[in-house]
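Quick one: structure below, then a few questions.
Here is how names work: the chains are called A, B, and so on, in the same order as the sequence lines, proteins then strands, and each is numbered from 1. For clarity, every value in this text was computed on a predicted model and none was experimentally measured.
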Amino acid sequence: MLYLTFVRENVELVKDALDKKGAEADLDELIVQDQKRRDTLYEVEQLKHRRNEASDKIGELKRKGEDASEIISEMQEVSAQIKEMDEEVRECEEKIEEILLQIPNIPHPEAPLGTDEEDNVLAWQWGEVREFNFKPQAHWDLGEELDILDFEKGAKVSGARFTFLKGLGAKLERALIEFMLDIHLEEHNYQEVFPPYIVHRDSMIGTGQLPKFEEDAFKLEGADYYLIPTAEVPVTNMYRDQILQAEQLPIHHVAYSACFRAEAGAHGRDTRGIIRQHQFNKVELVKFVKPEDSYTELEKLVKDAEVILQKLELPYRVLDMCTGDLGFAAAKKYDIEVWFPSYDTYREVSSCSNFEDFQARRASIKYRPHPEAKARLVHTLNGSGVAIGRTVAAILENYQQTDGSVIIPEALRPYMNGLDKIEP
RNA sequence: GGAGAGAUACCCAAGUGGCUGAAGGGGCGGGUUUGCUAAACCUGUAGUAGGACGCUUUAGUCCUAGCGAGGGUUCGAAUCCCUCUCUCUCCGCCA
């Protein structure tokens, strides 16, 4: 969310941002409501001032045992008027809030201009794409043959986009979680948290999932509860409505969690395999930093995520996301995509964003640069470090052998009891 | 799930309708005394949000709101009433 004052004073800039992001919001109505609110507020505050003074007077008169009925009846009228105008102000604020929540973050000036994923810019890439001397199989075929993925059982028990991992598949998933957590804890100095998977509405608003993207989330029936679409939501909201001390920053958290997504707009896409599931595992990195550090921190965040893929020796590329593909809350974003032989392309396994103060403002997360200083909003960042399910799929595809077996990446073997291969 | 008790500023805490725009204490900041420290004494300490005017060789002044949240009663609410949230204690149940 942007500050109302900021929007009021930078209407053109905000309009430009809306264009670049391909978003819409009724700025004209916002300005009208804002003006109406301020006018009414000024008047009603004058009345309240009068009332406060009169109340003191009444108290004084009553203490002296004198008659105050005249001034009381006068104030009865004033109070009724105040009540009415308060209601008017409240209505304006409701409309303003509604529009304000529709306005996306302003893109960073260096974010490439563009309308959709076609316009994303290749930033850099790593690793050699393997040449196969046979036709590589898709991970769902490999997984079924190895009896480590069971799509039928997933569909039977829970429906489409749910899958059972079995035996060494389940172990591989667990090993990756452990492996990634260890790297970020021991080599990158993140602090681990294990968050709740269910949050209430305020938390979803705090990080920007709501109110705009209600249909993407799973809501629990009969309660104001949502299943988290990413650990970003609970971990960022840990610090909601807080003023941090300067020396607490930067805060770097790593959190493993399951993630739940309705995938409402994705009918027919990635219906096979485990690329797009309603429930998947992810190790997430979340940072709270001083504003002046946030872009350095973003670069480091991407590097931290990349290390995982480098250690697993999976070839990947990094995309600098264009303005149209930045999403609602990000000012700048890099996606990391790993190579999938069967798709003959790269698929996203991580998305690293700098939200600047957009989330911090919604969630009211501030810090004091000096003990005496006025509180400022922090900058928040997060990125996957990385998505587990897609990494499993990538390992199956990239490490497959002619006989249908799959080699375990060396870095992962300590987490698999030294196992070097999954065989049919 | 049942019964009860709570929520007041950085912390503890007083406060049942106007003299509380929040006593008192602790902590923290400043000062006096002092060779230094400590002690004692004096003194400051609502952070925030919003608005009006001012400033932009940058600086404030005033107003409004704010005692867990939201409503209500009242000329006036920390105080009375209603709803909700959270915390604690005991019982039950459970991993």
* Asked: Heavy atoms under 4.0 Å, any strand shown: does Lys48(A) hit a base, just sugar-phosphate, or nothing?
  ->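 If one applies the 4.0 Å heavy-atom cut-off, Lys48(A) turns out to touch the sugar-phosphate alone, with no base involved.
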* To do: Round to the nearest Å and state the distance from Leu47(A) atom CG to A52(B) atom C1'.
  =>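 Spelled out: CG on Leu47(A) to C1' on A52(B) is 15 Å.
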* Rounded distance in Å - CD1 (Ile82(A)) to C1' (A65(B)) ->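 About 12 Å, once rounded to whole Å.
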* Row check, Phe151(A) ring normal vs Arg272(A) NZ/CZ: under 6.0 Å, within 45° -> no
* Is a donor-acceptor contact shorter than 3.5 angstrom present between the side chain of Glu45(A) and the base of G50(B)? -> yes
* Report the residue (Arg90(A) or Lys366(A)) whose heavy-atom-nearest nucleotide on RNA chain B is the more 5′ of the two. => Lys366(A)
* Asked: Given that both distances must come in under 3.5 Å, which nucleotide forms a Watson-Crick or G-U wobble pair with G27(B)?
  ->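 WC or wobble partner is U45(B).
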* **Residues Gln209(A), Glu214(A); criterion side chain to side chain donor-acceptor pair (under 3.5 Å); working and verdict** => CA-CA 7 Å; Gln209(A) 279 76 21; Glu214(A) 184 91 43; over 6 Å; no
* Which value, in whole Å, describes the distance between the P atoms of nucleotides G18(B) and A78(B)? -> 10 Å
* To do: State which of A52(B), G18(B), C75(B) makes the closest approach to the side chain of Tyr42(A).
  =>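 Looking only at side-chain atoms, Tyr42(A) lies closest to A52(B).
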* If G18(B) has a Watson-Crick or G-U wobble mate with both distances under 3.5 Å, name it; if not, just say none. =>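 Partner of G18(B): C75(B).
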* For G92(B), the Watson-Crick or wobble partner whose two distances fall under 3.5 Å ->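 Pair assignment: G92(B) / none.
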* **Same-atom distance (C1') from C67(B) to G6(B), integer angstrom** =>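 C67(B) and G6(B) have their C1' atoms separated by 14 Å.
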* To do: Using the P atoms only, state how far A14(B) lies from C80(B), rounded to an integer number of Å.
  =>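 So the two P atoms sit 15 Å from each other.
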* Integer angstrom distance from the C1' of A9(B) to that of G24(B) ->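 My reading of the C1' atoms in A9(B) and G24(B) gives 14 Å.
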* To do: Starting from P on G17(B), measure out to CE on Met75(A) and report it in whole angstrom.
  => 24 Å
* Asked: Can you check the Glu70(A) CD to G76(B) C1' distance for me, whole Å?
  -> 18 Å
* Asked: For G51(B), does OP1 or OP2 lie under 4.0 Å from any side-chain N or O of Arg8(A)?
  -> yes
* Asked: So, is His49(A) near the phosphate of C63(B), with a side-chain N or O under 4.0 Å from OP1 or OP2?
  -> no
* In whole angstrom, give me the gap between the P atoms of G50(B) and G30(B). =>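 Between the two P atoms, the distance is 31 Å.
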* **A65(B) OP1/OP2 closer than 4.0 Å to side-chain N/O of Asn52(A)** =>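 Affirmative; the distance criterion is met.
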* Please determine if Lys219(A) forms a cation-pi arrangement with Tyr226(A), meaning its NZ or CZ atom is less than 6.0 Å from the six-membered ring centre and no more than 45° off the ring axis. =>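 Judged by the rule (NZ or CZ under 6.0 Å from the ring centre, within 45° of its axis), Lys219(A) counts as positioned above Tyr226(A).
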* Structure fact -> Separation of A49(B) atom C1' from Leu4(A) atom CG, nearest Å, is 12 Å
* Under 4.0 Å between any heavy atoms, over every strand shown, what does Leu41(A) touch: base, sugar-phosphate, or nothing? Just pick one. =>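 If one applies the 4.0 Å heavy-atom cut-off, Leu41(A) turns out to touch the sugar-phosphate alone, with no base involved.
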* Would you say C75(B) has OP1 or OP2 under 4.0 Å from some side-chain N or O of Ser69(A)? ->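 Answer no for this pair, as no side-chain N or O of Ser69(A) is under 4.0 Å from OP1 or OP2.
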* What is the distance, rounded to the nearest whole Å, between atom CD of Glu87(A) and atom C1' of A65(B)? ->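 Between C1' of A65(B) and CD of Glu87(A): 17 Å.
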* Take the protein atom CD of Glu74(A) and the nucleotide atom P of G76(B), then report the distance between them rounded to whole Å. =>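 It is 13 Å, rounded to the nearest whole Å.
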* Asked: Do Arg240(A) and Ser364(A) have side-chain N/O donor and acceptor atoms under 3.5 Å apart?
  -> no
* Which residue, Gly59(A) or Ser79(A), contacts RNA chain B at a nucleotide closer to its 5' end, judged by nearest heavy atom? ->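 Its nearest nucleotide lies further toward 5', so the answer is Gly59(A).
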* **Working for side chain to side chain donor-acceptor pair (under 3.5 Å), residues Lys282(A) and Thr230(A)** => CA-CA 8 Å; Lys282(A) 184 156 61 69; Thr230(A) 159; 2.9 Å; yes
* With C1' as the reference atom in both, quote the distance from G68(B) to U85(B) in angstrom, rounded to an integer. =>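 Between the two C1' atoms, the distance is 8 Å.
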* Report which part of the nucleic acid Lys57(A) touches: base, sugar-phosphate, or nothing (heavy-atom distance under 4.0 Å, all strands). =>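 Nothing, no nucleic acid heavy atom in range.
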* To do: May I ask you to test the Asn382(A)-His253(A) pair for a side-chain heavy-atom distance under 4.5 Å?
  =>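 No, their side chains stay 4.5 Å or more apart.
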* Rounded to the nearest Å, what distance is computed from the CZ atom of residue Arg51(A) to the P atom of nucleotide G21(B)? ->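 To the nearest whole Å, that distance equals 14 Å.
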* Verify the distance criterion only: is there a donor paired with an acceptor across the side chains of Thr207(A) and Gln359(A) at less than 3.5 Å? =>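 Their side chains do not contain a donor-acceptor pair, so the 3.5 Å distance test is not met.
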* To do: Once you apply the 3.5 Å cut-off to both distances, tell me the Watson-Crick or G-U wobble partner of C86(B), or none.
  =>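 Result: G6(B).
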* To do: With P as the reference atom in both, quote the distance from G26(B) to C86(B) in angstrom, rounded to an integer.
  => 36 Å
* Asked: Is there a Watson-Crick or G-U wobble partner for C53(B) with both distances under 3.5 Å, and which nucleotide is it?
  ->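 Looking at the geometry, C53(B) pairs with G60(B).
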* Asked: OP1, OP2 of G50(B) versus side-chain N and O of Arg38(A): anything below 4.0 Å?
  ->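 No.
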* Asked: Would one find more than 12 heavy atoms of other residues, nucleotides or ligands at under 6.0 Å from atom CD of Glu410(A)?
  ->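 Incorrect, the count does not exceed 12.
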* G21(B) and G27(B): how far apart are their C1' atoms, nearest whole angstrom? ->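 Taking atom C1' in both G21(B) and G27(B), they lie 24 Å apart.
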* To do: State which of G47(B), G50(B), C75(B) makes the closest approach to the side chain of Tyr3(A).
  => G50(B)
